[in-house]
Structures are given as structure tokens and as C-alpha cells.
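In what follows, a single structure is set out as C-alpha cells and then discussed.
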Amino acid sequence: MAKYAAAVDQGTTSTRFMIFDHAGKVVAVDQKEHEQIYPKPGWVEHNPMEIWTRIQEVIDGALKKSGVDPKDIAAVGVTNQRETTVVWEKATGKPVYNAIVWQDTRTDTICNDLAKDGGQDRFRAKVGLPLATYFSGPKIKWILDNVEGARARAEKGEILFGNIDTWVIWNLTGGPNGGVHVTDVSNASRTMLMNLETLDWDADILKLMDVPRAMLPAVKPSSEVYGKAVGTLAGIPVAGDLGDQQAALFGQTCFSIGEAKNTYGTGCFMLLNTGTKPVQSKNGLLTTLGYKIGSQPAVYCLEGSIAITGALVQWLRDNLQMFDFSKHVEDYARAVPDSGGIYIVPAFSGLFAPYWKSDARGAIVGLTRFITRNHIARAALEATAYQTREVLDAMNKDSGVNLTALKVDGGMVFNDTLMQFQADVLGVPVVRPTVAETTSLGAAYAAGLAVGFWKAVEDLRVNWGKDHEWNPNMDAAHRETIYKGWKKAVTRTFDWVE
Amino acid sequence: MAKYAAAVDQGTTSTRFMIFDHAGKIVTVDQKEHEQIYPKPGWVEHNPMEIWERTQQVITGALAKGGVDPRDIAAVGVTNQRETTVVWEKATGKPVYNAIVWQDTRTDQICNKLAKDGGQDRFRKKVGLPLATYFSGPKIRWILDNVPGAKARARKGEILFGNIDTWVIWNLTGGPNGGVHVTDVSNASRTMLMNLKTLDWDKEILDIMGVPRAMLPAIKASSEVYGMATGALSGIPVAGDLGDQQAALFGQTCFSPGEAKNTYGTGCFMLLNTGTKPVQSKNGLLTTLGYKIGNQPAVYALEGSIAITGALVQWLRDNLGLIEKSADVETLANTVTDNGGIYFVPAFSGLFAPYWKNDARGAVVGLTRYVNKGHLARAALEATAYQTREVLDAMNADSGVKLKSLKVDGGMVFNNTLMQFQSDVLGVPVVRPTVAETTSLGAAYAAGLAVGFWEKVEDLRANWGKDHEWKPQMGAKDRDRLHTGWKKAVTRTFNWVE
């Protein structure tokens with residue numbers, strides 16, 4: 001009998017392969033970063049071939065480190081950075097262009113043109129999303145518009161589109177030699193091309209966006225056997241597919257209406273389970289697919305997406321070279337009691353929820369000579385917490401219910417200074433589970449459920465345990481004063497790009 | 001016969017003693033930095049005792065290094081960071097409080113209150129200045145309000161006020177043992193307390209500001225014998241006193257109406273000689289005293305004051321640790337070809353000319369993930385050039401004449417990248433003289449003129465020579481695009497403090 005379920009977690013800055021036991025404990029992990037390519041201000045690309053190489057490396061690495069026999073793995077799931085867009089040749093597996101990453105803003109003119117007729121929310125009722133550079137549809141259009149001959153070849157099905165999940169599953173199941181071309185509802189709901197009600201590509205929008213259906217993958221449930229792996233994992237069912245944020249929701253076992261989680265990674269993403277009916281947002285949130293288990297009804301979410309949180313710390317590390325390792329940000333931040341009156345609004349690629357302003361750009365405001373790198377480090381952490389507060393406020397308004405605690409996960413939840421400040425600025429407790437790697441866990445859960453390694457979602461709930469809780473420790477008047485300063489700082493980033 | 005004229009140059013970050021020969025060439029120099037004290041955001045202080053110690057050290061140091069016999073020095077002049085406010089006990093020479101530096105913004109409330117009745121420009125006609133935290137009057141008021149017993153002691157003349165020139169001359173001429181308590185017209189014109197026409201303290205403003213006349217120094221010409229030095233310079237006439245910017249104007253030999261210079265130091269200060277009548281500004285410039293030689297008529301200037309230029313480079317060095325030495329900023333800036341779309345508006349203590357906004361604070365705007373520390377360094381240099389452009393535009397508008405080239409001096413004029421960009425963004429040539437230490441030179445000129453070491457200002461003109469000239473290389477379109485971006489960025493700093 002199989003002992004494990006595994007997951008490929010292909011994220012924005014790195015790729016991981018993780019193996020879990022039946023109790024949801026981590027058995028093995030390997031991780032590798034890949035190159036961030038910035039050809040111009042606002043452009044962000046990845047090399048899809050490098051990503052596929054890293055995946056093979058971390059699979060081999062994790063197996064080797066732990067001595068796990070692949071035959072003991074019941075199923076493998078895939079979770080991924082969402083919206084990032086790959087277009088490749090079906091016959092060779094060669095990308096026709098680098099992957100255009102979700103943070104990339106080159107599609108702003110495409111989005112503005114589309115918004116001219118009907119506004120930024122013209123497709124919202126159908127797809128749950130505002131027109132923004134964030135989503136895949138306009139990125140596909142950009143590639144088809146800019147790579148010679150691409151549209152004609154797409155119409156003939158000679159080149160294929162996929163988000164990273166699709167690219168990984170296609171390669172994992174054989175690539176040019178019989179790879180399956182699929183995606184799941186959670187990933188498809190981030191393209192702006194999938195209809196929330198039918199869970200299929202929307203013919204009207206495909207036409208307006210000028211994207212041929214022939215290049216698109218089949219939309220599947222998040223938990224079902226898509227095919228068998230080849231290579232190192234040969235013969236293991238590839239049976240789970242969830243966008244990284246939905247995978248974290250799944251890994252946090254937020255299976256009931258009203259349950260929510262916030263993941264602190266490159267960006268921050270808060271998802272609230274709203275049940276089997278889509279709820280439209282009036283406060284700048286997204287309506288998105290949560291997950292779909294086999295033939296059960298799909299589960300929907302409200303999502304608050306924040307583009308830049310952890311990426312700001314990386315920016316301080318890589319671009320300003322303020323420290324060598326991301327975790328050092330906390331040492332600097334802790335050296336001062338507050339941000340010294342500054343705010344960093346990391347609108348590097350515009351602002352996502354709840355503003356959706358593509359033309360905003362990042363700003364550091366309130367600077368005086370008193371400010372040191374310690375204040376900058378602290379302001380960078382605080383930016384994460386303030387942005388989360390804005391999203392939580394929107395969730396509370398949309399749902400009409402005030403969240404009483406926030407389940408958190410992701411890399412930054414081991415930053416105690418940040419988590420305490422998060423509880424302070426929200427005014428509600430913040431709770432970290434025992435397994436903080438909920439993204440990989442969620443994908444492994446989805447895959448394991450599909451092959452009966454776990455029987456029902458209720459079996460997964462018992463795996464969830466509380467590791468740490470931060471309680472608010474700031475008086476309400478101070479909280480509102482500093483939050484007001486943040487709101488003011490945000491306005492200073494608006495309408496920058498002309 | 002004496003061979004030299006000398007100057008104490010007490011600046012914002014360091015103190016120098018320089019000795020010049022009759023041709024205006026540097027014979028010897030010594031320099032020492034002093035501590036910048038930042039007790040709170042927006043507060044900047046110096047320790048006056050440390051400044052006096054450093055002054056004595058650099059005098060002794062320069063004499064020793066140059067092997068100069070003090071008896072060969074005809075006269076010594078003093079030039080100084082302006083507006084910085086010292087209040088001390090007449091009997092002991094002990095300061096009652098640290099020096100409050102010109103950049104310090106603690107007097108914003110005092111200024112706002114005074115502006116309620118008659119607006120920010122209520123004293124402009126009389127003193128040529130808007131109400132701003134920059135000037136000495138409100139700083140004196142703050143010390144009298146906040147040091148117990150100070151008001152009563154000031155009324156009795158037990159404690160004395162001086163800008164740094166006054167503090168240095170008082171100590172140089174004997175301190176508690178007969179030191180002379182004087183200032184010159186150029187320094188006095190920065191207090192907001194001197195009437196531009198009468199060249200005496202204005203009774204009405206003294207009453208409104210609550211500053212007793214008994215604590216104020218006598219206002220003298222900029223070039224006249226005030227007294228004899230004691231200590232290492234014993235017996236040498238102290239015979240020149242000019243605020244540092246007026247000293248630079250003097251050292252650049254801008255003795256005719258229409259001549260102007262821009263000095264690049266902690267801040268930037270452009271002064272335009274307007275002749276023997278004060279000209280009121282309609283474009284945010286200051287009307288200030290240029291200089292007064294003995295009993296000749298006083299010469300006035302229009303001034304564009306920029307609070308932070310070189311100080312921004314120091315901030316990158318000291319507070320962010322981005323560079324080790326200030327000069328390294330050029331190397332770092334040259335790792336990139338442009339500013340990457342960002343602007344750094346260093347409104348650390350509000351904005352001076354031409355905006356005069358106390359409530360502005362610094363901002364970096366236009367940030368994307370693409371931006372690195374090279375861009376930050378370049379934006380810091382560019383900020384100096386853009387601010388200078390704004391001041392030059394105001395000069396041209398006020399005077400109705402377009403400046404055809406700009407004479408520059410100060411530490412940053414050896415930064416070739418900055419000077420080329422300065423010329424590019426102004427669209428006129430930028431000229432550096434052979435002696436770039438024009439501030440010290442100007443004070444030495446003033447002292448030397450008073451004792452007949454030089455006969456008249458025409459003798460000084462002959463000492464001026466051109467060392468380097470930068471010509472504009474940028475197209476008008478690029479120039480306008482960049483300047484428009486800067487103007488927009490500046491607005492993002494307004495109304496920050498509430």
C-alpha cells in the first residue's frame with residue numbers, strides 16, 4: 001500500500017517537490033530558484049525550459065535526500081504560480097516566447113483598449129475579474145500579436161497555451177510524446193476566459209480577446225486522475241491541479257463557507273470560501289474558483305490579491321542589496337520601534353486588490369533625514385500587513401460578516417515581527433498551522449483524494465493543528481492613526497504611468 | 001608685509017580653515033566633521049562646543065600642515081552655515097541648548113501660528129523671506145519657549161543669540177573675556193528679524209516673534225575689522241563675515257547685477273546679484289543681502305534655496321549604507337544609463353524654493369521591480385539637477401532675463417555625471433572655476449579687503465579662472481519629458497505632515 005502523496009509546487013521565484021505522509025507531515029522536500037528576467041521596467045519573464053529543468057531536479061533531489069521509493073507515492077499533484085502564461089509548440093515542446101509572469105504589466109494598453117467599451121468591469125459578471133494586466137487572457141493576446149505567425153499556428157492547434165500547471169502536467173505526462181493538455185477550474189478561472197457558471201471557455205470573450213479555442217487546454221476538476229507520469233515518477237497518477245492560492249486554501253482545510261486563509265509569499269492572497277455559488281464583489285475583490293473535487297459541485301471563493309509583499313523584501317535584498325538573506329529583514333526591522341513615519345507602497349506593477357490600478361507605481365513616502373535602513377526594512381514588513389488589512393476590510397464588507405481570526409501560511413509567517421504587527425493592525429488574532437507549507441500540502445491532498453489515499457475532506461481536517469497564535473497588542477486609536485497614514489500613502493502612487 | 005588671507009568655513013557637516021595667497025590660490029587647508037544629532041524625526045542639532053573645538057583644531061591643523069607663520073596672515077574672515085541658531089550664556093560661553101540647525105523643522109507650529117494672521121508672506125516685504133522653519137527667528141523663539149528661564153535671562157542680556165558666524169567670532173575674539181558680539185548683514189538677513197531697508201533689527205517683528213533685542217548681536221558690514229583674534233591667531237584682525245552662500249557669491253566674484261552662482265553642498269543655493277536695491281520675488285525666491293563692503297552701499301541678491309542635495313548622497317551613505325564614500329555615488333550611478341523611471345524628491349525637511357512647503361516630506365516614486373540601487377543613486381544625483389532647474393526657472397521669471405550660463409562651485413561640482421546632467425536639464429552651459437572652494441575664498445576676500453590686503457573688488461576678478469565647462473547634450477524633448485516627470489513627482493510630497 002502507498003505511504004505518501006506528493007506535490008510539485010512551481011512558484012514565482014522557486015520550484016519545490018514535497019512528499020507528505022498520511023498525517024500531512026512533510027517527509028521530503030527539495031527546492032531550487034529560477035531566474036527572474038526583467039527585460040524592461042514593468043516586464044517580468046521566466047524561461048519555461050528552465051522551470052521544467054528545475055522541476056526534474058527537485059523531484060530527483062527530494063527522492064534522493066529522503067530515500068523515498070517512488071512506488072510508495074500514491075499520486076502527485078501540481079500547484080503553481082497562477083496566470084503566468086506559456087505558449088509552446090505542440091510538436092517539439094519548445095516555447096515560442098518566454099513565460100510572461102503574472103506581475104508583468106506589458107498588457108496595460110491591451111487592457112485599456114478592451115476597457116474602452118464597457119469599462120474595467122465589462123467581463124466581471126461572467127468571469128469574476130476586472131480587466132487587469134494580472135490575468136492570462138491579455139498576455140496570450142500579446143504573444144499572439146507579437147510573435148510572428150503565432151495566431152495562425154494557434155488556430156491550427158500547432159501551438160498550445162497553458163498556465164504553468166498545464167505546462168508542468170503536459171511535460172510530466174510525456175510532453176510531445178502524448179502529454180495531456182489540461183488545466184483545472186481554479187487555474188482556468190484566472191485567465192478571464194472561463195465562464196464562472198459553465199466552467200468552460202466563454203466563446204464571446206475568446207472572440208473579443210482574439211484567442212483561438214484550439215490552443216486552450218481542457219478544463220478539468222482539481223482532483224481527478226489526468227494521466228500517468230513519465231520519467232522519475234513513471235507510472236504515478238498525476239491527479240491534482242490547483243493554483244497555488246487555492247491549494248493553500250485546500251491545505252488549510254478551509255472546506256466550509258466562511259473559512260478563510262491568507263498566504264504570505266511573493267504577494268499575499270486571501271481567499272474566503274463562499275460555497276457552491278459565485279458571489280460578486282462590490283469592494284474590489286475577485287470572484288474565483290476555489291476547487292472542484294471529481295464530480296462534486298465546484299466551490300467558489302472571494303479573493304483579495306496583493307501583488308507585492310514578500311517580493312518587496314527580495315527587492316531590498318537583490319536590488320538594493322541591503323542584506324544577504326531575506327530573513328535578515330527582521331533583524332533590521334526589529335532594531336527600531338516603528339517605521340519612523342515612512343510608508344513603502346510596493347505598487348511595482350500597479351495595485352491589485354482592492355484598488356485595481358494598473359497605472360500606479362511604487363513609492364516610499366514620508367522620508368526625513370532621520371530614516372535609516374532599519375526603518376526601510378520595517379516599513380517593508382508593515383506594507384504587507386497594511387495591504388492585508390485593506391483586503392480583510394473588503395472581505396468583511398462583501399460578506400457582511402467580520403472575520404474573527406485569520407489563518408496564515410507561507411514563508412513570511414515565521415517572521416514574528418511581521419505577524420505581531422499583522423495582528424496589531426487587523427485587531428484580530430492571527431493563527432499559524434503546524435504545517436505552514438499549505439500550498440504543496442493542498443496539491444498533495446487533491447491528488448491523494450482522487451486516488452483514494454484519503455477518503456474524504458473530513459479526513460484532512462484532523463491533520464490541521466495550530467502552531468502559534470498572535471493576539472492584537474495595539475490600542476485602537478494608534479491602529480487607526482497609522483492605518484490612515486497608509487491610506488494616504490497609497491494615494492501617492494495613483495496615476496503615475498501616463 | 002603679510003602674504004596671506006585666511007578663512008574659517010564652518011559648514012553644516014564640517015569645519016575648515018583655509019589660507020589663500022594674493023592670487024587666491026590655496027596655501028593650506030584642514031577640515032574636520034562634527035556630529036549630526038537627530039533626536040527625533042525632523043529635528044537636527046549640532047553641539048556648539050564641538051563646533052568651537054573643531055574650529056580651533058582646524059586652525060592649528062592648517063597652520064601646522066602648511067608651515068604658515070600666523071604673522072604672515074593679513075586678516076581672517078568667517079563664513080558659516082546660515083540660520084543655525086545658538087543661544088549661550090554671556091558670562092560663561094556655555095550654550096543653553098544645542099544649536100538648532102537650519103534644516104530642523106520643529107518650528108513648524110510656531111510658523112503656522114504666525115502665518116494665521118497675514119499668511120506665509122506676512123513679513124516678506126520687510127525681510128524678503130516667507131515664514132518657514134528654515135529661518136532663525138522662530139528657532140530663537142522655540143529656545144526661549146522651551147528652556148526654563150531663558151526668556152527672562154534674554155531680556156536682561158545674560159544670554160546671547162548668534163548664528164554660527166556670531167558664535168565663532170565671539171569665541172575667536174575672546175569669548176567670555178571680551179569677545180565681540182556681532183553679525184553681518186548677510187547673516188542677519190536670514191533671521192527674519194532684520195529690515196531689508198534699514199539693515200537693523202525690526203522692532204515690530206521682534207515684538208511679534210517675542211525676541212528681546214538685548215540678546216541680539218550688532219549688525220555690521222561684511223567686510224570690516226570686528227576685533228582681534230586670540231589664541232593661535234592672536235592679534236590677527238577678524239575682518240570678514242559672510243553667510244556661506246553669500247561668501248560663495250563673493251568668491252565667484254559676482255559683483256555686478258545679473259551675475260549668479262550655484263553652490264552644491266548639503267543643499268544647493270543659487271544667488272543672483274540684483275544690485276543696491278532689494279527686488280521682491282514673485283516666484284518663490286528669497287530677497288536677501290548679498291554683502292556690504294565697509295561703508296559702501298549694501299548689495300542685494302535673489303536667492304533660490306534648496307534644502308537637500310548633497311545631503312541626499314550622505315543619506316544614501318550614512319543611513320542606507322548604499323555607498324562607503326560620497327564620491328562612490330557617481331560610480332554607482334554610472335552602473336545604469338538612466339533613472340529607471342524613478343524620481344527621488346528629498347523633501348526631508350519640507351520643500352524650500354520655489355515651493356516653501358513645510359508639510360512636504362521626501363518621497364521616492366515610480367518604483368518597479370526593475371529598479372536597483374544604481375537607479376536610486378542616479379535619481380539622487382538627478383534630484384539635485386532638477387531642483388536647480390526649478391530655481392533657475394524662477395530666477396529667469398523674476399528677473400525677466402534668461403541666464404546664459406551657470407557658474408557653479410561646491411563639493412559636487414567634481415561629479416562629472418551630475419554636472420553633465422545639470423547642463424542637460426538646464427539647457428545652458430555649466431562652468432566650474434579654478435578655485436572651487438569659493439566659500440572660504442569669499443570670506444578671505446572680505447577680510448583681506450577690509451585690511452587693504454586687496455585694494456578693491458576689481459583686483460579679485462582677475463583671480464577668477466575657468467576650469468571646466470559642460471555643454472547641454474540632451475534633446476529638448478527628453479529634457480521636457482524628464483522635467484515634467486519631476487514636477488509630477490514633487491506634487492506627491494505635498495501635504496504629508498498633518
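Numbers restart at 1 for each chain; the letters A, B, ... are given by sequence-line order, proteins then strands. In this text the structure is predicted, and so the values were computed from the model without any measurement.
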Against chain A, label [X] side chain, backbone, both or neither, depending on which of its atoms sit under 4.5 Å from a heavy atom there.
{"X": "Val371(B)", "value": "both"}
{"X": "Thr105(B)", "value": "neither"}
{"X": "Trp496(B)", "value": "both"}
{"X": "Ala489(B)", "value": "both"}
{"X": "Leu376(B)", "value": "side chain"}

Which of parallel (below 30°), tilted (30 to 60°) and perpendicular (above 60°) describes [X] and [Y]?
{"X": "Phe325(A)", "Y": "His328(A)", "answer": "perpendicular"}
{"X": "Trp43(A)", "Y": "Trp142(A)", "answer": "perpendicular"}
{"X": "His46(B)", "Y": "His34(B)", "answer": "perpendicular"}

- [ ] Determine the minimum heavy-atom distance between Arg190(B) and Ser305(B), stating which atoms define it.
- [x]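 Scanning both residues, the minimum pair turns out to be NH2-OG, 3.9 Å.
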Task: Counterpart residues, side-chain contact (heavy atoms from CB on, under 4.5 Å), relative to Gln120(A) (two or more places apart) - done: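 For Gln120(A), the residues satisfying side-chain contact (heavy atoms from CB on, under 4.5 Å) (neighbours in sequence not counted) are Pro130(A), Leu131(A), Trp356(A).
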TODO: Report, as yes or no, whether the 6.0 Å neighbourhood of atom NZ on Lys487(A) holds more than 12 heavy atoms from other residues, nucleotides or ligands.
DONE: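 Yes - once you tally the heavy atoms of other residues, nucleotides and ligands closer than 6.0 Å, there are more than 12.
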Open item on the list: With a sphere of 6.0 Å drawn around CD of Glu324(B), does it hold more than 12 non-hydrogen atoms of other residues, nucleotides or ligands?
Closed with: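 Not more than 12 within 6.0 Å, no.
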[X] versus chain B, the contacting section by heavy-atom distance below 4.5 Å:
{"X": "Ile371(A)", "result": "both"}
{"X": "Thr493(A)", "result": "backbone"}
{"X": "Ile344(A)", "result": "neither"}
{"X": "Ala347(A)", "result": "backbone"}
{"X": "Trp496(A)", "result": "both"}
{"X": "Phe494(A)", "result": "backbone"}

- [ ] Using a cut-off of under 4.5 Å on heavy-atom pairs, state which of Ala311(A), Pro39(A), Gly42(A) scores highest against chain B.
- [x]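 Winner by heavy-atom pair count: Ala311(A).
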TODO: Flag the one option from Arg369(B), Arg361(B), Gln314(B) with the top tally of heavy-atom pairs under 4.5 Å to chain A.
DONE: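 Of the options given, most contacts go to Arg369(B).
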Open item on the list: Between His375(A) and Thr372(A), do the side chains contain a donor N or O and an acceptor N or O under 3.5 Å apart?
Closed with: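 A donor-acceptor contact under 3.5 Å links the two side chains.
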